[in-house]
Amino acid sequence: MNYSIAIRTLGTSGEKFVRELESIKRQTIQPDKVVIYIAEGYKRPEYTIGKEEYVWVKKGMMNQRVLRYDEIDSPLIMLLDDDVELADDSAQKLIQALEENQLDCIAPVTFRNYKISIAKKVYIAVTNLVFPHWSEKWAVKIHSNGSFSYNNRVKRDVYLSQSASGPASLWRKSVFHDLRLDDELWLERFGFPFGEDVVMFNKLYKNGFKLGMHYHCGVRHLDGKSSSRAFQQNPKKFYTRSMASLMIWHRTCYNLTGLPFYKKMWAAVNFTFKVIWLFLVHIGAAVYLRTPKVLWYYSKGIYDGLKVICSSEYRQISNYILEK
């Protein structure tokens, strides 16, 4: 099937963006189009491979992703960040896997948690309640407390998944439109849309579409951090993360049309435990960083998140589960 490529950028990734364009030029199956959605007010990069088109759109990680893509007519659309490098046959492998497994979307594994050291696995388990699993079916599972688990015993190239990593993904364009992802633009309120990936991809899964992850298609995330660097350096990130985590959990795991009452209560209990556990983790962070503001930011984020999900503005957003 024919495909086109859509890249979001600020035009500031430099050499990483050059490597990405060069890797696109080497694809064994060439895209119909390469359309680059650049934020308004930013200058077009000078380097070119001669086939890309530029479209200026409203700035924002979600604003630059959740588009109609009217410039693209191909049935498949590959969404890329501006710091991704493809192997020569990456597009070919993704298209083949999508068709053979009858998927609606497939994403390459760019964050290989299953390969990190035991010490790092313990660290992310303690600090984020992110654990390994040994499923024969799933790459990533999303749990009722909003945390995810990852496959720690990868035996084949492609697995079904309940979420995915966002630097690269191949979608059926019709499905991308059907998901009404513009309903998730509320994430822009944080400046840096923490949790964007899980909100987008888990919506696909929870609405009955098929999502897959490919472990060996040669896609590399060069990690330009063009949008996340300022976020990570600001102590207010503890506020943003706690508020965003609560709102994402409420939208994706709790406030779901058709979810039985007992499952809602189970999700609420699990998330409450997570909030208490992470409060203890943030006590440790406050001691390590020698600033009590860490605890204040974390608690303030939870409080303000509760206020938002109780607001009339938030309640006007269409439910995460789409009407059939």
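Numbers for residues simply follow the sequence, beginning at 1. Any value given below was found using the heavy atoms of this structure, including those in side chains, with hydrogens, waters and symmetry copies removed. All values reported here derive from a predicted model rather than from experimental measurement.
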Main-chain N/O of [Y] paired to [X] side chain as donor or acceptor, under 3.5 Å:
X	Y	result
Gln92	Ile29	no
Gln64	Thr9	yes
Ser161	Val140	yes
Tyr37	Leu67	no
Ser144	Ala267	no
Arg8	Met61	yes
Ser311	Tyr314	yes
Glu196	Glu188	no
Ser4	Val34	no
Thr291	Lys293	yes

State whether a side-chain donor-acceptor pair under 3.5 Å links [X] with [Y].
X	Y	result
His133	Ser149	yes
Asn202	Thr252	no
Asp157	His214	no
Ser23	Glu85	no
Asn207	Tyr320	no
Asn319	Thr257	yes
Trp186	Glu184	yes
Lys141	Asn151	no

Requested in this report: List for me each residue that meets salt bridge (charged side-chain N to carboxylate O under 4.0 Å, His left out) alongside Lys25, sequence neighbours excluded, and say none if there are none.
Outcome: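 Lys25: salt bridge (charged side-chain N to carboxylate O under 4.0 Å, His left out) contacts with Glu22.
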Query raised in the report: Who pairs with Asp32 by salt bridge (charged side-chain N to carboxylate O under 4.0 Å, His left out), at least two apart in sequence or on another chain?
Result: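 Asp32: no salt bridge (charged side-chain N to carboxylate O under 4.0 Å, His left out) contacts found.
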Please tabulate, for the side chains in residues 50-58, all donor-acceptor contacts under 3.5 angstrom to protein atoms that are two or more places apart in sequence or on a different chain.
from	atom 1	to	atom 2	distance (Å)
Lys51	NZ	Gln30	OE1	3.2
Lys51	NZ	Pro31	O	3.3
Glu52	OE1	Thr48	OG1	3.2
Glu52	OE1	Ile49	N	3.2
Glu52	OE1	Gly50	N	3.2
Glu52	OE2	Thr48	OG1	2.8
Glu52	OE2	Ile49	N	3.2
Trp56	NE1	Tyr42	O	2.9

Do other residues, nucleotides or ligands put more than 12 heavy atoms under 6.0 Å from the [atom1] atom of [X]?
X	atom1	result
Ile118	CD1	no
Glu40	CD	yes
Lys264	NZ	yes

Report task. Please collect all side-chain hydrogen bond (donor to acceptor under 3.5 Å, both in side chains) contacts where either partner lies in residues 274-284, sequence neighbours excluded, each pair once. Result ->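 Every pair satisfying side-chain hydrogen bond (donor to acceptor under 3.5 Å, both in side chains) with a residue in residues 274-284: Ser147-Lys274.
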Requested in this report: Just grab all the side-chain hydrogen bond (donor to acceptor under 3.5 Å, both in side chains) pairs involving residues 170-180, residues at least two apart or on different chains.
Outcome: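 Checked against side-chain hydrogen bond (donor to acceptor under 3.5 Å, both in side chains) - neighbours excluded - the pairs reaching residues 170-180 are Glu99-Arg172, Ser169-Trp171, Arg180-Asp183, Arg180-Ser318.
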Requested in this report: Report yes or no: is the cationic atom of Lys300 (NZ for Lys, CZ for Arg) under 6.0 Å from the centre of the six-membered ring of Tyr239, at an angle within 45° of the ring normal?
Outcome: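 The answer is no; the distance or angle limit is not met.
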Requested in this report: Report yes or no: is the cationic atom of Arg156 (NZ for Lys, CZ for Arg) under 6.0 Å from the centre of the six-membered ring of Tyr159, at an angle within 45° of the ring normal?
Outcome: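 The answer is yes; both the distance and angle limits are met.
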**Report entry** Residues forming a side-chain contact (heavy atoms from CB on, under 4.5 Å) with Val109, sequence neighbours excluded
**Finding:**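 Per chain and number, Val109 pairs via side-chain contact (heavy atoms from CB on, under 4.5 Å) with Arg112, Met213, Tyr215.
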Under a single-linkage definition using a 4.5 Å side-chain heavy-atom cutoff for Ile, Leu, Val, Met, Phe, Trp and Tyr, are [X] and [Y] assigned to the same hydrophobic cluster?
X	Y	answer
Ile302	Phe279	yes
Met247	Leu306	yes
Leu185	Leu322	yes
Ile276	Tyr297	no
Ile317	Leu256	yes

**Report entry** Between CE on residue Met243 and CD1 on residue Ile248, distance to nearest 0.5 Å
**Finding:**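 Spacing of CE (Met243) from CD1 (Ile248) equals 11.0 Å.
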Query - Lys210 with Asp104: basic N within carboxylate O range, under 4.0 Å - result: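 Not counted as a salt bridge, because no side-chain N and carboxylate O are separated by less than 4.0 Å.
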Requested in this report: With ring pair (Phe, Tyr, Trp, His ring centres under 6.0 Å) as the test, would you mind laying out the steps for Phe131 and Phe148 before giving the verdict?
Outcome: CA-CA 7 Å; Phe131 296 94; Phe148 72 92; over 10 Å; no
Query raised in the report: For Asp81, which of Lys16, His221, Arg65 qualifies under side chain to side chain donor-acceptor pair (under 3.5 Å)?
Result: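 When side chain to side chain donor-acceptor pair (under 3.5 Å) is applied between Asp81 and each of Lys16, His221, Arg65, only Arg65 qualifies.
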